[in-house]
Amino acid sequence: MSNSDAKAAAVESAEKTFTLRDNTSGQTYELPILKGSEGPTAVDVRNLYGKSGVFLYDPGYTSTASCSSGITFIDGENGILRHRGYAIEDLAEHSDYLDVCYLLLHGELPSPEEKTEFDYHITHHSMLHEQLIYFYRGFRRDAHPMAIMVGVVGALSAFYHDSTDIADPQQRMVASHRLIAKMATIGSYAYKYSKGLPFIYPSNKLSYAENLLKMMFAVPSDDFEVNPVLAKAMDRILILHADHEQNASTSTVRLAGSSGANPFACVAAGIASLWGPAHGGANEAVLKMLGEISTKERVPDFIKRAKDPDDDYRLMGFGHRVYKNYDPRAKVMRNTCHEVLNELGIHDPRLELAMELERIALEDDYFIERKLYPNVDFYSGIILKAMGFPTNMFTAIFAIARTVGWIAHWKEMLSEGTLQIGRPRQLYTGERQRQFATVDIREHKQSRGWSWLWGNSKQD
Ligand code: SDX
């Protein structure tokens, strides 16, 4: 077990306990309180059901710690995000994406020698097996890049049998390097395929971000020069999306991994979960929302809709389950947005619209009372659009960046000794036991007839 993973697993019991009293049975339960290095403590309820026969009910996991982890710390009230103790603002300013990948995987920023070796491994795993390239041809040209990425990443386990034994730390590390390295290639190829353009191989001379831009935008018939300002912006966007504690897609990867599934299958599950508009799909939804709003004059109407309890419309890129303050990534993203648009000499009215939307919302009691602030997705789409990414590639970029977070959590979970399969229980609300009725005596109930399927058909 690496020292960083060992640190993560070592939770301590606090001196005090948590008393839970069941007034139905009159029983009182003294439960241990677990404390980490910072943030809320946790009541250890692992034996509660065995002792009390009751479950704890928390469908959205709003009050549940699903694991212990030393990778990322978020203080939502104060808008703090740290990876292995380093503030996201410092990492975005002073590191590159592969530094952050190394930090997330190993718990420390790399020494110069470690950086050289790690960068070499990632660079030299960036190509895909040539046979995989034919896999793309099974998709329609208009397939969403996320659909292609779920399929291709899941298929990697059919190509890389030598790194699917999760019990072997060496194979786990090779699979980690392969996934981080190949995601940029897989995502870029999905875009090229959708355009009917030839795939562009990665270049070992370029950084991770430079390669991503090259594979996305270079064509064989022309020279391609990476704009250093855009490469820096790309690298920063990757850093800002690298990891974020136990979010939906990371929890999906952990749950998939808890059954012993191979890392490629686990990451494919993470990609599928990230795709949802409430999660990683929000950056694409923000651009669509800004397009619908279209002018500053219409902003109040959309804010009115977002506040209407009878309308499930929400401001995309706003709100967060954990941040009840400004998402620190959104601040860095907004500054990067200005840098990129200035560099490209682009005047994108959507940026002004987004800033007007932010200004009005942050002055509105509805958003203030609910502590709804812009999140990481609010500005990222405007930058990606300006850089030339099509809207349907935004979540694919998020998936490319987040792969290291998924893998770091998967690795941490596997390093904790015995793997325990995640198996939540439920509050059952269905039918109680019923006598089986054979079809000849079942009462014909109109409400259960097939008319709902075929309309007023003669059968009914
Ligand atoms: C990401 O988990 C992570 O860390 C995710 C992520 C990561 O890096 O992995 O940070 C990336 O997914 C960012 C979030 C991207 N999603 C969006 O921008 C979609 C819009 N946001 C919302 O759908 C919502 O804010 C969530 C899903 C992000 C969080 O929802 P919660 O925590 O379940 O909050 P909630 O739905 O219980 O809302 C609380 C109240 C409700 O009002 P009341 O019922 O109390 O009257 O706030 C309202 C909600 O209606 N609300 C919004 C709103 N978000 C919440 N109202 C209008 N617009 C919004 N965006």
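None of the values given here were measured: they were computed from a predicted structure. For ligands, and for the atoms within them, numbers begin at 1 and follow the listed sequence.
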Before accepting this row, confirm whether a basic side-chain N of the pair Arg298/Glu292 lies closer than 4.0 Å to the acidic partner's carboxylate O. no
If the criterion is any heavy atom closer than 4.0 Å to an atom of ligand 1, which residues make the list? His244, Asn247, Pro277, Ala278, His279, Ala282, Ala306, Arg314, Leu315, Met316, Gly317, Phe318, Gly319, His320, Arg321, Arg329, Tyr366, Arg370, Leu372, Asn375, Asp377, Phe398, Arg402
Report yes or no: is the cationic atom of Arg370 (NZ for Lys, CZ for Arg) under 6.0 Å from the centre of the six-membered ring of Tyr366, at an angle within 45° of the ring normal? yes
Within the distance-only criterion (no hydrogens, no angle test), does the side chain of Ser249 pair as donor or acceptor with the backbone N or O of Ser273 below 3.5 angstrom? no
Aromatic ring pairing His241/Phe398, orientation class (parallel under 30°, perpendicular over 60°, tilted between): perpendicular
Assess Arg305 against Tyr313: is NZ or CZ under 6.0 Å from the centre of the six-membered ring, and within 45 degrees of the ring's axis? yes
Count the heavy atoms of every other residue, nucleotide or ligand shown that sit under 6.0 Å from CZ of Arg21, and state whether that count exceeds 12. yes
